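Labels below follow one simple rule: chain letters A, B, ... track the order of the sequence lines, proteins then strands, and each chain is numbered from 1. All of these numbers come straight from a predicted model, not from anything done at the bench.
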Amino acid sequence: MSASEVTASTTAAEASAGVVRERAQRGRKALPILVTGVVILALWAITSAFVDTLPSPADTGAELVRMAKDGQLFSIFGRVTAFMGICFAIAAVGGVALGLLIGAHPALDRGLSPYLAALQGMPTSMWIPVAAVVLGTSVFSLGAVVSIGAMPAIMLATRSAVKSVPPLLIRAGRTYGADRGTLMRHVVLPAALPGITTGLELGWSIAFRCLVAGEIFSGALSGSGAISGTGIGSVIARSRETGDLTEMMATIMIVLAFTMLVDRLVFARVHHRLRVSRGLVDAGLPH
Amino acid sequence: MGSPVLLTDVAQQFAGRGPARLALDGVTLSIDAGEFVCVVGPSGCGKSTLLDLVAGHTRPVRGSVVVDGAKVTGPGLDRVMVFQEHALFPWLSVRDNVGFGLKNAGVADAEREATVTEWLSKVGLSDAADLHPHQLSGGMRQRAALARAFAMRPQVLLMDEPFSALDAPSRDRLHVELQDLWQETGTTIIFVTHNVREAVALGSRVVVLSSGPGHIIGEVAVGLQRPRVVESDRVVALAREVRGLLDAADQLGITAPRGGSEDGHVSI
């Protein structure tokens with residue numbers, strides 16, 4: 001075996017050791033999440049033993065298996081993902097762009113901010129009946145309310161984040177030759193990114209609330225034809241009529257899994273990366 | 001080689017609302033190409049305003065500012081500023097921070113890379129190129145800021161109390177390094193500070209400002225051999241002379257009463 005082969009195999013061994021270490025680290029991070037989950041399940045099981053109307057975790061699990069078998073689970077999951085994905089993308093792009101615009105123009109800010117604050121304070125779901133009558137009860141009507149409804153929060157957060165960019169960084173940007181566009185893209189936007197992310201998270205939760213409110217009102221996402229009556233809205237209506245909460249609890253589990261996935265895979269990661277790159281996390285000593 | 005800077009009968013107001021107050025009034029100052037001039041004065045005497053005027057961030061209400069024969073009308077890459085706080089972009093690596101201005105100036109990738117590498121090695125940050133500002137010590141951050149400024153090959157380097165937030169050992173090292181870089185590049189440097197000894201240690205000439213509104217009350221030429229350090233006896237002796245000018249002005253003006261004495265303890 002030549003020297004270079006030895007080096008190569010050593011690096012490979014080191015790399016795989018690194019992978020193992022990384023996996024162990026991820027396992028250690030996942031453990032508290034699992035423990036909390038098990039504790040919550042246990043509390044739920046105990047409560048359901050005393051409360052007749054509350055389905056037990058086992059019943060709910062069985063219902064979830066049934067829903068998975070007849071495709072209702074994936075159908076709900078898929079519809080929520082697609083609907084939220086599209087609506088939120090529109091809200092995020094529009095909200096951040098308009099927020100940057102307001103942040104850069106004081107006159108616009110003075111004129112719009114009070115109204116945006118009022119809109120943000122008001123529950124967006126109040127617009128659903130208006131949209132339903134004006135635009136009909138289609139998916140697009142609800143989509144419009146959800147997208148536009150999430151915008152004020154994102155706009156306001158972006159505007160505040162832009163306004164609290166340290167003036168020193170803007171001066172530094174100007175000194176080092178940044179014109180208006182460069183300053184916006186390469187100084188203001190990255191400096192405001194942590195605040196903007198918080199606004200996006202807020203916008204996301206507003207959008208989701210609005211989605212469920214819309215489902216209760218019109219069941220716009222409840223599907224038609226073969227999958228008719230399988231949406232969140234129909235589930236809510238059914239459980240209100242029958243008083244049987246098993247399907248409701250199963251649906252809640254699906255939605256919880258969805259929001260948790262989004263938080264873990266998107267928001268938590270983005271927050272972490274932003275904090276690390278700006279030195280807001282104590283990385284500790286390298287071991 | 002740097003450019004000459006000429007301020008003629010300059011007056012400038014403080015920015016902001018309220019009744020206009022003059023920050024500077026009747027300032028005439030001629031700086032030769034490649035000269036290292038320090039400006040000292042009490043806080044609020046318009047030192048930073050002076051730099052802003054040369055940088056082109058503001059325009060004077062009276063008088064003119066001329067750099068290299070041309071009137072200053074706005075910011076330009078021939079004049080760059082180093083701030084009291086490092087003002088590095090926290091989301092960029094040291095390398096990208098140093099390359100930021102070059103990129104805006106449209107310098108090609110390969111040349112930019114080479115220039116950045118060269119200046120990082122000159123300020124001793126080659127090993128820290130891929131770190132982010134928060135991973136550096138205060139002295140290293142200010143060194144990165146110096147590299148960012150010098151990498152632009154400015155005609156005039158404007159320094160606004162760049163070392164006043166540093167610990168003494170870092171500051172002393174940077175004093176020597178800055179003098180080396182100046183001698184090597186021949187850049188015109190206007191260095192503003194409230195630290196009289198620092199001004200004497202660094203400048204070929206020390207311009208003394210007084211406040212209310214800021215005007216030049218004296219100049220002291222410093223002919224001592226370089227590199228100088230703040231503790232040297234000659235620097236301390238000359239600093240006392242400059243201090244004397246400042247104290248005399250304070251007693252005439254009504255601003256900033258100070259319990260200073262002749263023993264020099266106040267001149268830190």
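Nearest heavy-atom pair, A:Tyr176 versus B:Ala145, reported as atom, atom and distance to 0.1 Å: OH-O, 4.3 Å. Taking all atoms of both residues into account, the shortest heavy-atom contact from B:His57 to A:Arg174 is NE2-CB, 4.5 Å.
Top candidate by heavy-atom pairs under 4.5 Å with chain B, chosen from A:Gly177, A:Gly173, A:Pro166, is A:Gly177. Counting heavy-atom pairs under 4.5 Å between each of A:Leu193, A:Val187, A:Thr182 and chain B puts A:Val187 at the top. Residue with the most contacts toward chain A among B:Val80, B:Leu92, B:Leu102: B:Val80 (heavy-atom pairs, distance under 4.5 Å).
Annotation for A:Lys163: atom NZ counts as buried by contact number, over 12 foreign heavy atoms lying within 6.0 Å. Within a 6.0 Å sphere centred on CZ of A:Arg273, other residues, nucleotides and ligands contribute 12 heavy atoms or fewer. Taking a 6.0 Å sphere around CG of B:Asp127, one finds it holds 12 or fewer heavy atoms contributed by other residues, nucleotides or ligands.
If you measure heavy-atom distances from B:Asp52 to chain A, the contacts under 4.5 Å come from the side chain alone. For B:Met152, the part sitting under 4.5 Å from any heavy atom of chain A is the side chain, from C-beta outward, and nothing else. If you measure heavy-atom distances from B:Leu158 to chain A, you find no contacts under 4.5 Å at all. Of the two parts of B:Ala87, the backbone and the side chain both hold a non-hydrogen atom closer than 4.5 Å to a non-hydrogen atom of chain A.
To the nearest 0.5 Å, atom CG of residue B:Asn104 and atom CG of residue A:Leu183 are 9.0 Å apart. Atom CH2 in B:Trp91 sits 9.0 Å away from atom CG in A:Leu189 (nearest 0.5 Å).
For the pair A:Thr175/B:Phe83, a side-chain contact is recorded, criterion being any heavy-atom separation below 4.5 Å from C-beta on. B:Phe89 has its side chain out of reach of A:His186: every pair of non-hydrogen atoms, C-beta onward, lies at least 4.5 Å apart.
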